[in-house]
2 protein chains.
Amino acid sequence: MTRRVRLSDVAALAATSTKTASRVINGHTKVGSDTRDRVEKAVRELGYRPDPLARSLRRGTDDTIGVVVDEVSDPFFASVIGEIERMALDRAMTVIVASTQRLVDREHIVIDGLLQRRVAGLIIASVSHDHAHLKAAPCPVVFIDRVAVNLDSDAVLVDDRAGARLGVDHLISHGHKRIAYLGDHLGIDTARSRLDGYRESLELAGIAMRDDYVIGMDPSLADGGQIVEALLATPEPPTAIFSANTRCSLRVLSTLHRLSRTDIAFVSFGDFAMADALTPPITVIDHSPESIGRLAADRLLRRMAGDEMPTQTITTPLHLVPRGSGELAP
Amino acid sequence: MTRRVRLSDVAALAATSTKTASRVINGHTKVGSDTRDRVEKAVRELGYRPDPLARSLRRGTDDTIGVVVDEVSDPFFASVIGEIERMALDRAMTVIVASTQRLVDREHIVIDGLLQRRVAGLIIASVSHDHAHLKAAPCPVVFIDRVAVNLDSDAVLVDDRAGARLGVDHLISHGHKRIAYLGDHLGIDTARSRLDGYRESLELAGIAMRDDYVIGMDPSLADGGQIVEALLATPEPPTAIFSANTRCSLRVLSTLHRLSRTDIAFVSFGDFAMADALTPPITVIDHSPESIGRLAADRLLRRMAGDEMPTQTITTPLHLVPRGSGELAP
DNA sequence: ATTCCCTTGGTAATCGATGTCACGGAGTGA
DNA sequence: TCACTCCGTGACATCGATTACCAAGGGAAT
């Protein structure tokens with residue numbers, strides 16, 4: 001490994017000072033054109049590239065976006081990150097990912113770690129319930145998927161309530177009255193909002209809500225099967241299931257197919273691969289993780305550029321894709 | 001934002017020098033126990049945490065693992081990254097992700113960028129065909145999924161040839177002779193190895209290989225449908241398809257279901273969600289992205305710790321999961 | 001002609017932590 | 001008692017880029 005090329009090497013070759021070389025590289029105007037040319041030539045000849053670490057140390061901020069999610073391997077977050085990374089790369093920024101595994105403590109640790117690293121911006125899918133401490137964050141923060149609490153901040157969300165209403169209304173309009181709700185833990189506020197939508201739809205249709213039809217589960221655990229079996233074994237089983245979470249949908253459908261209970265109507269909040277190839281094909285509420293990533297990154301990059309616009313909560317579009325499973329009669 | 005706590009603040013409070021404080025923090029032994037106590041107390045009182053950037057600048061290496069993949073949102077790579085990130089977090093290291101989008105130029109750029117940042121190690125799923133330039137890399141490198149060329153390096157791979165043989169042999173043993181191969185671009189060496197396995201299986205069974213049965217496609221593009229339709233519309237269509245790539249499988253199956261051609265036997269290299277819920281359920285060659293991530297990270301961390309063991313190419317286990325689609329008769 | 005301003009470039013401090021080296025004092029062997 | 005080693009300690013230089021401050025030279029204004 002040859003020795004690293006430093007700014008002073010460039011300056012020496014261009015017969016000027018590091019200060020002037022720095023000015024040229026950072027695009028300052030107050031440099032004589034011949035000096036500028038010499039520096040640029042030297043940069044090219046030596047293949048100089050500024051040391052990002054040294055630069056960050058001095059500037060007090062790193063050209064890096066920190067992304068905090070539940071789990072990198074969750075397809076939803078994977079897509080979000082992919083999009084963020086794409087946008088970052090276009091701007092020669094790097095992306096640091098950190099997962100919380102949905103643990104509040106872990107979230108604090110990773111966010112703290114990222115701030116220590118002086119990231120230029122943060123995109124967070126938070127699992128904690130208070131973000132007041134981020135008021136003093138030294139960099140812009142954009143929340144995704146879940147709102148910020150006690151903090152005025154940008155956020156890019158899915159309209160959970162509306163999405164759930166879309167799905168449940170659809171089932172109701174196809175004659176269902178016994179509709180179960182299966183979703184994430186109710187500790188997650190996304191899940192609560194979706195449950196609110198479900199509740200609202202039932203109320204508007206004059207259907208009484210039954211607690212035994214509402215199930216919150218951990219989508220990463222494999223116990224989905226038993227839960228569904230138990231639900232179907234009750235004296236008055238539901239004729240339709242609204243799954244409020246994509247990963248839950250996968251588990252539930254796997255079980256329904258195993259039990260050959262594909263007569264049960266089904267709507268999934270969130271599309272997934274093969275949804276159209278199942279028998280019957282699965283009706284879904286589609287939302288786009290990519291656009292969440294894009295919007296969040298865009299917002300963050302603007303803030304990082306110094307844009308002082310008022311904070312905004314953006315909701316991404318949402319639509320129902322009827323495919324068959326949601327149109328089954330009771 | 002309050003001013004950052006520096007090492008010199010700690011040293012001042014402990015009435016010692018920054019050097020000694022540094023010694024305590026980095027766990028050197030040659031420090032008097034009373035001095036050590038004072039420094040530790042000061043660290044606690046001030047809530048001091050070393051600045052990772054400054055430390056990295058001085059040390060010449062950052063506590064960071066760079067991961068280079070085709071695409072972060074690819075479920076395979078997402079799982080790999082998730083596992084690497086998990087292991088890194090346990091060691092208080094951070095993970096920087098960068099995607100190449102399968103472009104060789106882009107790969108060079110991102111790797112170069114990561115080295116500039118002085119990552120402590122690199123995990124690369126490379127798309128380029130020459131890695132000699134990494135001989136001089138200032139940090140350990142582990143290749144995943146695809147081999148290193150012109151470079152003696154650790155690698156964690158799937159045994160592509162063996163996996164393909166497993167799948168194709170299985171189809172042959174169920175009486176198929178007209179077996180199509182559908183996989184990734186043949187520019188990708190993973191795809192070539194799998195094709196080799198396919199070829200080998202056919203040869204051993206005395207089946208002539210037909211060029212019109214071998215299709216390389218870009219799994220990220222949506223043209224899979226037409227390709228499959230064309231394949232099935234030939235005068236002598238295959239009775240079985242071996243899909244050598246998970247994302248190809250998804251596209252192909254979607255098409256087969258749309259065309260109601262579920263009579264065609266099918267084996268997928270790579271498991272996926274809902275494979276067991278399709279009709280018929282899909283027989284797959286299962287391999288675990290998590291274990292690839294884990295093995296690669298483990299190898300890398302050991303190298304980073306200074307382990308000078310000989311380089312090794314690790315292949316992860318692989319097994320066939322018969323579910324139905326691979327056992328259909330011609 | 002002299003003062004003043006403005007452009008341009010150099011010197012040195014800074015970011016925060018750590019490696020080098022030297023020093024003072026205690027312990028040891030002669 | 002003297003020379004020598006060993007240990008704990010701290011002053012200072014260093015990593016590489018940025019920047020506050022200062023200085024010099026040239027042109028314009030009086």
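Each chain gets a letter, A, B and so on, in the order the sequences are listed, and its residues count up from 1. Keep in mind that what you see is a predicted model, and the values were worked out from it rather than measured.
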Just how far, in rounded Å, is [atom2] of [N] from [atom1] of [X]?
X      : N      : atom1 : atom2 : answer
A/Q116 : C/dC15 : CD    : C1'   : 15 Å
B/R38  : D/dG8  : CZ    : P     : 14 Å
B/R118 : C/dA17 : CZ    : C1'   : 14 Å
B/L57  : C/dA17 : CG    : P     : 12 Å

B/S/- contact track for nucleotides 17-22 of chain D, protein heavy atom under 4.0 Å: BBBB--
Donor-acceptor pair, side chain of A/R106 and main chain of A/R102, under 3.5 angstrom: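 Here the side-chain-to-backbone pair does not exist.
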Residues A/R55, A/I25; criterion side-chain contact (heavy atoms from CB on, under 4.5 Å); working and verdict: CA-CA 12 Å; A/R55 169 179 281 192; A/I25 285 154; 4.0 Å; yes
B/R86 with B/D90: basic N within carboxylate O range, under 4.0 Å: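 Salt bridge: no.
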Short N-O contact, A/K41 and A/E45, less than 4.0 angstrom: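 Answer for the salt bridge query: yes.
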Residues which pass salt bridge (Lys or Arg N to Asp or Glu O under 4.0 Å) with B/D37, listed by chain and number, not counting sequence neighbours: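 B/D37 satisfies salt bridge (Lys or Arg N to Asp or Glu O under 4.0 Å) with no residue once adjacent residues are dropped.
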Touch class at under 4.0 angstrom, heavy-atom based, for A/S56 against every strand present: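 Nothing, no nucleic acid heavy atom in range.
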Sugar-phosphate, base or nothing in reach of B/R36, heavy atoms under 4.0 Å: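 Since no nucleic acid heavy atom lies under 4.0 Å of B/R36, the category is nothing.
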